[in-house]
Amino acid sequence: MTFQALPGFRDFPPDELAFRAHIIEAWRRVARRYGFVEYDGPPLEPLELYTAKSGDEIVGQLFEFEDKGGRRVAMRPEMTPTFARMVSEHAKSAPKPIRWFAVPQLFRYEKQQRGRLREHFQLNCDLVGEAGPRADAEVIALAIDVCRELGLGADDFKVRLSDRRVLYALLAHAMIPTDAFDGVLGVIDKLERNGATASRARLLEMGLGDRAEAVLAIAAVRSADELTALARDWGVDAASWQFSEVLGALGAMGCADYIEVDLSIVRGLAYYTGTVFELFDRKGQLRAICGGGRYDTLLASLGGADLPAVGFGMGDVVLGELLKDRGLRPGAPATIDCYVAAVTAEDVPEVLHQAQRLRAAGLAVEFPLDAEPKLGKQLKLAGTRGARLAVVIGPDARARGEVQLKDLAARTQVAVPLDQLVERCLGILSPTG
RNA sequence: GUGCUUGUAGCUCAAUCGGUUAGAGCGCCGCACUGUGGCUGCGGAGGUUGCGGGUUCGAUCCCCGUCAGGCACCCCA
């Protein structure tokens, strides 16, 4: 009988966990750089927390069951409802704006594909209590900086940026009836996948007639210049758009190379009210790395504080795929600082003693476990472990109260008195300290 | 959930038309090297060819089922 991980779930042996930690540590570093503080919530929530926002259809995509107390519960598929509950309570006393981030593990019962598993870790950043454009720019710049922190550049990824208020304004100008907006947005959202022909047919089915071409023209906008030109041609006042200020702020923040205005970006989730954006790899080979936007009415609609908010979620799976594709997966890190080697079995007690002294000083230390240790084998292992230092303890030097201290990187070796060993090691490992 | 496709040492792959004992590189362990690492040479361990059934004298190869991965749908974090 053999067992394997459930489909869509991952084992994390040390090298995989190191890669995961590499990503998550970058998330935390950058989020804190933007003044965000970390929170968390329960991984298991009442099922209704999700059906209230997304309807009963979502139940088929959840890990949900009945607990022993007869409660219908679900493993969290997203962080937003939990966040909404927590921040609404907190918002009564917290100074605004609120900058919170979380790194939850999320679960969804769907068939897995590359970049989409049944479990992933996700950076969630939300900025609550500020409706102005610089809040939008802040979270977008944060998402960009996370990617840069991991070594990705403007050649590797881009932000596709839109604003539902701009879409609404243009649709209204194109005489699309308000009650058709949701349907039209759905067609625009799927435009890239379904193609122009099928999308046009769908729009005609909706009874839009000639106005279908206007919708397609709007969704075809792929740059700020094209948007400006379209607005000018249609006689729409673009100067008052908050979207322009978001773009201006991002430009001033040095993010222009990453930004691509793209009015086909809608985001499937219905609750977005303004800015919407997604990060993609430039080659277009992967799913979205990140997605987010402004949701000024969601918190109130979930029964919480009536506060504007903007945020995003970024998963570890697609991001990890992109990093691997670009050769940005870091090599195995050194597992120890120092290997303490014994020349003969008689040296072992001194090896154990010195190893513990070095460990007490905070160093990561390993020594041989063999009954009859061989020096060559020990030094080879020291190299494999990535140790910077090796201490060689043998009978002759030991009789003089000395050991040999090797710098494995510099390939040098010096005799060191036993009572100076710890400080000499610390001196090499942290020369500034 | 639907369709297509792929499954061979830990990893990447090979194996003529269906043929007898399934190979190589990397990695791992050992030896050369009984007091000094990265190189080199030699050797070793490691496989019910994903699993189950069928056809056949004989199956890694053909057929069916199943599980898992990939791709496209569905849906989206």
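Just the heavy atoms: all of them, side chains too, but no hydrogens, waters or symmetry mates, feed the values below. By convention in this document, chain letters (A, B, ...) are assigned in the order of the sequence lines, proteins followed by strands, and residues within each chain are numbered from 1.
- Protein atom CD of A/Glu372 is 11 Å distant from nucleotide atom P of B/G35, rounded to whole Å.
- Rounded to a whole angstrom, the distance from the P atom of B/G44 to that of B/C26 is 15 Å.
- When each of A/Gln122 and A/Ala382 is assigned the nucleotide of RNA chain B bearing its nearest heavy atom, the one mapping closer to the 5' terminus is A/Ala382.
- Using a 4.0 Å cut-off between charged nitrogen and carboxylate oxygen, A/Glu25 and A/Arg28 do not count as a salt-bridge pair.
- A 3.5 Å limit on both hydrogen-bonding distances identifies no Watson-Crick or G-U partner for B/C75.
- Counting non-hydrogen atoms under 4.0 angstrom, A/Gln378 reaches nothing in the nucleic acid.
- Going from the P atom of B/G10 to that of B/U48 covers 8 Å, rounded to whole Å.
- Counting any heavy atom pair closer than 4.0 Å across all strands shown, A/Gly292 reaches no nucleic acid atom.
- Spacing between atom CZ of A/Arg114 and atom C1' of B/U6 amounts to 16 Å, rounded to whole angstrom units.
- If you check B/A77, B/U36, B/C74 against the side chain of A/His120, the one that comes closest is B/A77.
- Pairing of B/C26, defined by two Watson-Crick or G-U wobble distances under 3.5 Å, is identified with B/G10.
- Separating the C1' atom of B/G27 from that of B/C11 is a span of 8 Å, rounded to the nearest Å.
- The same atom, C1', is picked in B/C31 and in B/G19; the two are 39 Å apart, to the nearest Å.
- Distances shown here put a side-chain N or O of A/Lys377 below 4.0 Å from the OP1 or OP2 atom of B/G30.
- Separation of the A/Phe9 and A/Phe63 ring centroids falls under the 6.0 Å cut-off.
- Between A/Phe83 and A/Tyr39, the two ring planes are tilted [angle within 30° to 60°].
- Residues A/Glu45 and A/Thr82 bring a donor and an acceptor atom of their side chains to less than 3.5 Å of each other.
- A straight line from CZ of A/Phe280 to C1' of B/C76 spans 12 Å, rounded to a whole angstrom.
- Within the 4.0 angstrom heavy-atom criterion, base atoms lie near A/Asp396.
- The pairing partner recorded for B/C39 is none, the criterion being a Watson-Crick or G-U wobble arrangement whose two distances lie under 3.5 angstrom.
- Distance A/Glu192 CD to B/A72 C1': 16 Å, rounded to the nearest Å.
- If you check every strand for non-hydrogen atoms under 4.0 Å, A/Gln61 touches sugar and phosphate atoms only.
- B/C62: Watson-Crick or G-U partner is B/G54, with both key distances under 3.5 Å.
- Residue A/Leu408 is in base contact, counting any heavy-atom pair closer than 4.0 Å across all strands shown.
- The residue among A/Val392 and A/Arg118 whose nearest nucleotide of RNA chain B lies closer to the 5′ end is A/Val392.
- With salt bridges taken as basic N to acidic carboxylate O contacts below 4.0 Å, one links A/Arg267 and A/Glu278.
- With rounding to whole Å, A/Glu278 atom CD is found 12 Å from B/C76 atom P.
- The pair A/Arg99-A/Glu138 meets the salt-bridge criterion, since a charged nitrogen lies less than 4.0 angstrom from a carboxylate oxygen.
- A/Glu119 pairs in a salt bridge (charged side-chain N to carboxylate O under 4.0 Å, His left out) with only one of the listed residues (A/Arg108, A/Arg10, A/Arg76, A/Arg20), which is A/Arg10.
- Spacing of P atoms, B/G46 relative to B/G41, comes out at 24 Å, to the nearest Å.
- Rounded to whole Å, atom P of B/U36 lies 22 Å from atom CZ of A/Phe367.
- You won't find any donor-acceptor pair under 3.5 Å spanning the side chain of A/Lys374 and the base of B/U34, going by distance alone.
- Distance, A/Leu117 CG to B/A68 P: 14 Å, rounded to whole Å.
- One N or O donor and one acceptor, one from the side chain of A/Arg116 and one from the base of B/C76, sit under 3.5 Å apart.
- Nucleotides B/G65 and B/A22 are separated by 30 Å at their P atoms, to the nearest Å.
- Using P as the reference atom, B/U56 and B/A24 are 35 Å apart when rounded to the nearest Å.
- Contacts of A/Gln413 with the nucleic acid, taken as non-hydrogen atoms under 4.0 Å apart, include base atoms.
- For the C1' atoms, the distance from B/U5 to B/A9 is 24 Å, rounded to whole Å.
- B/C76 atom C1' lies 14 Å from atom CD1 of A/Ile265, rounded to whole Å.
- A donor and an acceptor atom never sit less than 3.5 Å apart when one is taken from the side chain of A/Gln404 and the other from the base of B/U36.
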